[in-house]
Amino acid sequence: MSRATRLSSSLLRAAAVTGVAALTLTACGSGSGSGSSSTGSGDVKVGLITKTDTNPFFVKMKEGAEKAAKAEGVKLMTAAGKFDGDNTGQVTAIENMVASGVKGILITPSDSKAIVPAIEKAKAKGVLVIALDTPTDPQSAVDALFATDNLKAGELIGAYAKAAMKGKDAKIATLDLAPGVSVGVQRHNGFLKGFGVKEGDSSIVCSQDTGGDQAKGQTAMENCLQKEPDVNVVYTINEPAALGAYTALKAKGREKDVLIVSVDGGCTGTHAVKDGKIAATSQQYPLKMAAEGVKAVVTYAKDGKKASGYTDTGVTLITDKAQDGVTSKDTAYGLENCWG
């Protein structure tokens with residue numbers, strides 16, 4: 001099964017999550033005025049809509065888009081929600097960008113299913129729409145997807161955790177994102193696949209949602225420790241949740257004997273791997289997603305050629321405690337390529 005197919009099948013199992021906050025819309029050019037470039041694209045507008053503007057992942061994504069827009073001589077418009085789940089605001093941002101004459105929109109969907117009608121309206125007006133990081137449901141709702149293979153990201157840390165346990169009985173806590181969010185579903189399912197267990201297996205002793213938030217990750221870990229004090233493996237949706245889990249474990253004197261694995265590869269998280277707080281993380285590359293997205297819109301503006309299908313923007317397992325049979329790179333590599 002291809003990665004794109006696996007992404008789609010994961011989405012079909014996921015329900016949608018709806019938010020209500022409004023987004024703000026800003027625009028920046030590649031210099032004073034619209035300018036011009038070797039591509040002849042000075043009057044081209046590109047839209048970028050992220051889930052939030054505070055998460056370091058999306059900050060780096062915006063940075064990548066801004067850098068690419070400047071290099072290509074196009075104008076970039078950006079919008080960001082106040083929290084992950086702001087579908088209503090994303091719909092408004094799409095409408096505003098289409099009205100302003102963008103040639104293409106890059107979006108990280110907060111609600112993979114509910115955003116589809118707005119995307120379809122934009123496409124009907126000739127706007128190229130590319131999803132970044134998070135697939136839509138169905139994936140075919142957008143022209144193209146530039147993203148981490150989140151199932152693979154989960155598989156890597158699952159396989160790592162399995163190897164690191166060296167045959168010991170596992171008591172696993174999963175600190176997840178939220179019900180039905182495609183990225184969370186894929187990472188969770190990938191971890192289970194990599195570890196070699198199925199949903200409902202007796203080795204999974206606790207599952208809690210964290211929203212990817214550090215404070216909620218700490219609370220979730222505290223709840224899991226109350227339920228099952230002997231937890232020895234912790235999967236987390238991202239590194240903020242992982243650091244929350246570490247704080248809770250340290251308060252119980254368990255930080256040395258519980259294996260924590262995560263996904264993202266931000267600089268804070270990679271430093272946490274180096275410091276031994278997190279055993280391993282799967283590093284993804286948001287700057288590349290956005291840069292490739294901007295280039296695709298420029299290509300469309302120049303010759304009408306649309307990007308299509310799924311483009312894997314890469315994932316690398318980062319750890320300083322390599323395990324046999326699991327390909328990884330050390331934290332020196334991770335810190336050279338981290339974000340945030």
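This chain uses plain numbering: 1 for the first residue, then up along the sequence.
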Strictly distance-based, threshold 3.5 Å: is any side-chain N or O of [X] a donor or acceptor partner for the main-chain N or O of [Y]?
| X | Y | value |
| --- | --- | --- |
| E239 | T268 | no |
| K103 | Y300 | no |
| D330 | Y333 | yes |
| E228 | D230 | yes |

For residues [X] and [Y], report the shortest heavy-atom separation together with the two atoms involved.
| X | Y | result |
| --- | --- | --- |
| Y235 | I157 | CD1-CD1, 3.7 Å |
| V315 | S282 | CG2-CB, 3.7 Å |
| L335 | C338 | O-SG, 3.4 Å |
| A296 | I130 | CB-CD1, 3.7 Å |
| A241 | L175 | O-CD1, 4.3 Å |
| V116 | D137 | CG2-O, 3.4 Å |

Check the side chains of [Y] and [X] for a donor-acceptor pair under 3.5 angstrom, ignoring hydrogens and angles.
| X | Y | answer |
| --- | --- | --- |
| S182 | S112 | yes |
| Y285 | T316 | yes |
| T134 | K51 | yes |
| Q218 | E222 | yes |
| S262 | T236 | yes |

Looking at [Y] and [X], is any side-chain nitrogen of the basic one under 4.0 Å from a carboxylate oxygen of the acidic one?
| X | Y | result |
| --- | --- | --- |
| R254 | D257 | yes |
| R187 | D264 | yes |
| K60 | E63 | yes |

Worksheet item: Does anything in residues 271-298 pair up under salt bridge (charged side-chain N to carboxylate O under 4.0 Å, His left out), and if so which pairs, sequence neighbours excluded?
Response: E292-K295

Discussion item. The test is side-chain hydrogen bond (donor to acceptor under 3.5 Å, both in side chains); show your working for Y160 and S328 and say whether it passes.
Written reply: CA-CA 9 Å; Y160 176 89; S328 65; over 6 Å; no

Establish whether [X] and [Y] are linked, either directly or via other cluster members, by ILVMFWY side-chain heavy-atom contacts under 4.5 Å.
| X | Y | value |
| --- | --- | --- |
| V234 | F195 | no |
| I204 | L177 | yes |
| F146 | M61 | yes |
| V127 | I49 | yes |

Fill in: Other residues, nucleotides, ligands: >12 heavy atoms within 6.0 Å of K216 NZ
no

Discussion item. For V263 and F191: C-alpha separation, side-chain torsions, deciding distance, then whether side chain to side chain contact (heavy atoms under 4.5 Å, CB included) applies.
Written reply: CA-CA 10 Å; V263 178; F191 170 80; over 6 Å; no

Practice prompt. Can you spot which of T92, V98, V91 makes a side chain to side chain contact (heavy atoms under 4.5 Å, CB included) with I94?
Written response: V98

Item to complete: Among D133, T50, L132, I115, find the residue that satisfies the side chain to side chain contact (heavy atoms under 4.5 Å, CB included) test when tested with I107.
Response: I115

Can you give each donor-acceptor pair under 3.5 Å made by side-chain atoms of residues 161-173, sequence neighbours left out, with the distance rounded to 0.1 Å?
residue, atom, partner, partner atom, Å
K166, NZ, Q323, OE1, 3.1

How far does [atom1] of [X] sit from [atom2] of [Y], to the nearest 0.5 angstrom?
| X | Y | atom1 | atom2 | answer |
| --- | --- | --- | --- | --- |
| I318 | N337 | CD1 | CG | 7.5 Å |
| L151 | D149 | CG | CG | 6.0 Å |
| M221 | L249 | CE | CG | 4.5 Å |
| D111 | Q90 | CG | CD | 8.5 Å |

Fill in: Result of checking Q284, Q283, Q186 against T148 for side chain to side chain donor-acceptor pair (under 3.5 Å)
Q284

Item to complete: With sequence neighbours excluded, tell me which residues meet ring pair (Phe, Tyr, Trp, His ring centres under 6.0 Å) with F57.
Response: W339

